[in-house]
Every structure is written in C-alpha cells, then in structure tokens.
Colleague: 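The structure that follows is given in the form of structure tokens.
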Amino acid sequence: MLESSRQDLSAWIARIAHTGEPFAHFSTDDLVSGAFREFHGESGIAEFFGLSKLGNSAAAAAFHAYTLEAFVGSVHLYGTLRTSSGVERGGEDFTRDAHEKLIAIGLLRGSLKYRNGKHTGVLGPGDVLVANSTHPLVTASIGVVETLGMAVPIDDISKDSRVTGGQWPVRLPESALTSAFLAFVGRYLVEDATAEGSGQVSSGLAEPVLYDLLRSALLQVVPATMTPAQQSMRLQAAVHDLIEKYHVLQGFDADSIARALHISRRKLYRDLAEHGDGVAGLIAARRVRTAAAILLEQPAMPLSEVAAAAGFGDATTMRRHFLSKLGVTPADYRRENV
C-alpha cells in the first residue's frame, strides 16, 4: 500500500530527481497545474491503464498510483509510482503511454514484466527499455513499482541516419551514459513540474537536448545495419522532409539540415549529388513553389512580403530564383496567372 504523506511523496520526488535526499518542504501545491495526478481504487485503475474491464475487482479496489508529467515540445516526460494492479494475472496491463511512438521506460524500484510484440522480459531497478509502439507495450507488476521515462515521435528519432529505428525493443546497457540519461530525464521532469523550476529553461532549448540524449543512449545498442544505398535513400527522404517543414524560415540552409541530421556538410552534398542543383537548389525550388502559390492566392501582397513568407531573404533573391526556375519574374508570373 502506498502512503500519501508529505514525507513519502517527498522521497518519491527525490528518487525521480536523483537527489538522494527528500524534498524537505515538498508539497503538491509546489507543482504546476496538471503535472501531478493521483489514482485510487477501481475508477483509478481504469483511468490509469485505460481499461474498460477489471479482471480482479479486489486488487483493483486496493490500487493506488501517482504520476508526474511534463511536456517539452513533442517530448513527454513521466514518472509513476504504483501498487500492484492485479491485472497481471491476465497479462493485460496497458501503460498510459501505449499510443506514443517511441517509449523509453526505466525502472527505479520494484520488478516489471513486459511484452512488446513477440519480445518479453523482466526489468529490474536501473534497467531501461526502449520500445516501438507499433506493438502495444504491455507491462505487469507485483508490489510497488516506480518508473521514469520519456516518449517521443519515432519519426523525429529515425531522421538521425545513425539510428535505423528497426530493432525495437532494445534494452540499454548498464553504463554511465544510461545512468546519465535517467538522471537528466528525472531531474528535468521534477524541475519543469515544480512552480519554482518551471520556465527556467524554455522548451525550445530543452527539447533538442532531450532528443540528443536519447539518440546517444540508443547508439549504444542500435547499430547502423542498413546498406550504404539504403542509408543514402533514408537520408534523402529526411532531407526532403526537413525542407518541406522548414523552407519558409529565413536562414534555413544546407548547414541547418546537416546539423539536424548530425552529419557533415560534405556527406550531405555527397548523398544528394544526383540532384544537379544540390541542397541549396532543392531549398530554393521549394521556396519558389511556395512563393508562386502566395502570388496567386494573395494578388495584393507586396513582393517583399511574399519573399519573406516563402523564406527568401528579400525580393531580389526571389526574383533571381524565379528567373532560374521558371524563366519569369515574380511580377510577370502573377500578371500572367492571376
């Protein structure tokens, strides 16, 4: 049975934050709205696991759990403390994060059985499992269990050409990097969820750090098993996806893409060599298409504003690329098509 005293909750928060000492003055009032939740009994277990039917009503009545959550851009950080759910006898203990794309779950306390597709196993304290939600992550526990982890869209991880994303689930090795991964996630979760720490580091700064830390942890166990041709095709797809999303941002260029994909500028140009105009040409061509659409949709918009909206630095640059790609100026294009 879990206790809900301030001392017990303080100790739990301290374990998540890896401080080693309880938060002496901790109170749930210190947490930002929605960060902390408590679940009790049959209705609590149904909400916690998303169950429509309860197989063991006696165990369900005794169920008790706490969750601490924070959302950093597209990254979902979470910590849970829960009793045995009773549903492990039927083997259907669905986690609340089953619908996330890529789930990293670390165990701080207790023992957790899991199933992900055809893969099964048991996690002990300090273990970290990374699973793909193509198959639901099913867990079962007996006694008190504490978990800590994060969930992210798998597409944002697989853009890194070093990570194939095809060998899930994987168990991270016992290493300093794995320990650092758990410690950072836990500490940031607690600081972001508390009123005192919330907002000290913006999501825009923290989100890429969390992604990089997960990528680094995964590279301990996820080999680059694709052939060079497959890696090149995957890289090209990632480049086109980035251009599609970010071409309207002024300053977005080949260096931006290389940094996002964690590769050198030289490798980027080598793998895109089949495109005669290179990476810069692909970006310019996409901006021309966007600008052309704006010219027709908003015939009164000044050319300088059209250029800015399409990602060009100025109207002169836009004019040069229109002449190169379409053989006409933006003004002539609008006049001939509106």
Side-chain angles (χ1 to χ4, degrees), residues 34-35 49-50 67-80 94-106 114-117 119 128-139 147-172 177-178 181-182 184-186 188-189 192-193 201-226 230-231 233-249 252 256-263 286:
F49 292 112
T67 62
L68 191 67
E69 296 180 301
F71 291 87
V72 186
S74 60
V75 179
H76 176 200
L77 305 179
Y78 63 89
T80 69
F94 290 91
T95 70
R96 300 173 67 239
D97 292 292
H99 298 296
E100 296 288 351
K101 296 295 184 181
L102 190 65
I103 307 164
I105 179 171
Y114 71 85
R115 183 174 76 249
N116 186 233
H119 300 272
V128 180
L129 181 77
V130 184
N132 182 344
S133 66
T134 299
H135 302 288
L137 176 60
V138 181
T139 64
T147 63
L148 171 66
M150 64 188 288
V152 301
I154 194 171
D155 289 344
D156 290 342
I157 289 292
S158 60
K159 283 176 187 174
D160 188 333
S161 60
R162 301 170 299 172
V163 178
T164 67
Q167 303 296 322
W168 317 112
V170 296
R171 188 191 293 252
L172 299 185
L177 181 55
T178 299
F181 168 75
L182 270 185
F184 185 89
V185 168
Y188 189 89
L189 168 60
D192 189 76
V201 180
S202 70
S203 295
L205 294 175
E207 184 182 18
V209 173
L210 289 164
Y211 270 112
D212 285 342
L213 188 57
L214 178 57
R215 288 189 189 98
S216 299
L218 285 173
L219 286 172
Q220 298 178 103
V221 290
V222 180
T225 56
M226 292 185 294
Q230 289 174 323
Q231 291 183 21
M233 290 178 62
R234 190 187 190 93
L235 177 64
Q236 291 180 38
V239 168
H240 284 286
D241 184 54
L242 287 170
I243 291 175
E244 186 67 26
K245 287 184 177 180
Y246 301 114
H247 70 277
V248 295
L249 299 179
F252 176 77
S256 305
I257 295 174
R259 286 193 298 270
L261 298 178
H262 300 274
I263 60 175
R286 186 63 186 89

Colleague: Side-chain contact test, heavy atoms from C-beta onward, threshold under 4.5 Å: evaluate it for Ile257 versus Phe252 and give yes or no.
Modeller: yes

Colleague: How close do Gly106 and Leu182 get, counting heavy atoms only, and between which atoms?
Modeller: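 For Gly106 versus Leu182, the nearest heavy atoms are CA-CD2, 4.1 Å.
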
Colleague: Can you tell me how far apart CG (Leu189) and CZ (Phe184) are? Round to the nearest 0.5 Å.
Modeller: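 Between atom CG of Leu189 and atom CZ of Phe184 there are 11.5 Å.
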
Colleague: Which heavy atom of Ala206 sits nearest to which heavy atom of Val72, and what is that distance?
Modeller: CB-CG1, 3.8 Å

Colleague: Report the distance from atom OG1 of Thr178 to atom CZ of Arg171, rounding to the nearest 0.5 Å.
Modeller: 11.5 Å

Colleague: Among residues at least two apart in sequence or on other chains, which ones pass ring-ring contact (aromatic ring centres under 6.0 Å, His included) with His240?
Modeller: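 His275.
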
Colleague: Of Thr147, Thr80, Val130, which is the lone residue that meets side-chain contact (heavy atoms from CB on, under 4.5 Å) with Ile105?
Modeller: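 Exactly one option meets the side-chain contact (heavy atoms from CB on, under 4.5 Å) with Ile105, and it is Thr147.
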
Colleague: What distance separates Leu129 CG from His119 NE2, expressed to the nearest 0.5 Å?
Modeller: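 The NE2 atom of His119 is 10.0 Å from CG of Leu129, to the nearest 0.5 Å.
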
Colleague: Below 4.5 Å, heavy atoms only, C-beta onward: do Thr67 and Tyr78 meet side chain to side chain?
Modeller: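 Counting from C-beta outward, Thr67 and Tyr78 never come under 4.5 Å.
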
Colleague: Do Leu261 and Leu242 touch side chain to side chain, with heavy atoms closer than 4.5 Å?
Modeller: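 They are in side-chain contact.
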
Colleague: Using a 3.5 Å distance criterion without hydrogens, assess whether the side chain of Glu69 forms a donor-acceptor pair with backbone atoms of Gly34.
Modeller: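 Judged by distance alone, no pair lies under 3.5 Å.
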
Colleague: I need the minimum non-hydrogen distance between Leu172 and Ala217, along with the two atoms involved.
Modeller: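 So the two residues come closest at CD2-O, 3.5 Å.
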
Colleague: In chain order, what residues pass the salt bridge (charged side-chain N to carboxylate O under 4.0 Å, His left out) check against Arg259, with sequence neighbours excluded?
Modeller: none

Colleague: So which atom in Ala104 and which in Leu214 form the shortest heavy-atom distance, rounded to 0.1 Å?
Modeller: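 Heavy atoms only, the tightest pair is CB-CD1, 4.4 Å.
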
Colleague: If you round to the nearest 0.5 Å, how far is CD of Glu207 from CG of Asp212?
Modeller: 10.5 Å

Colleague: Taking the side chain as every heavy atom from C-beta outward, state whether Tyr188 and Val209 have any pair of such atoms under 4.5 Å apart.
Modeller: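 No; the side chains remain at least 4.5 Å from each other.
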
Colleague: Report yes if the side chains of Leu77 and Asp192 come closer than 4.5 Å at any heavy-atom pair, otherwise no.
Modeller: no

Colleague: Kindly indicate whether the side chain of Phe181, heavy atoms from C-beta on, has any atom under 4.5 Å from the side chain of Ser216.
Modeller: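 Sidechains of Ser216 and Phe181: no contact.
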
Colleague: Please report the closest heavy-atom contact between Ala131 and Leu102, naming both atoms and the distance.
Modeller: O-CD1, 3.4 Å

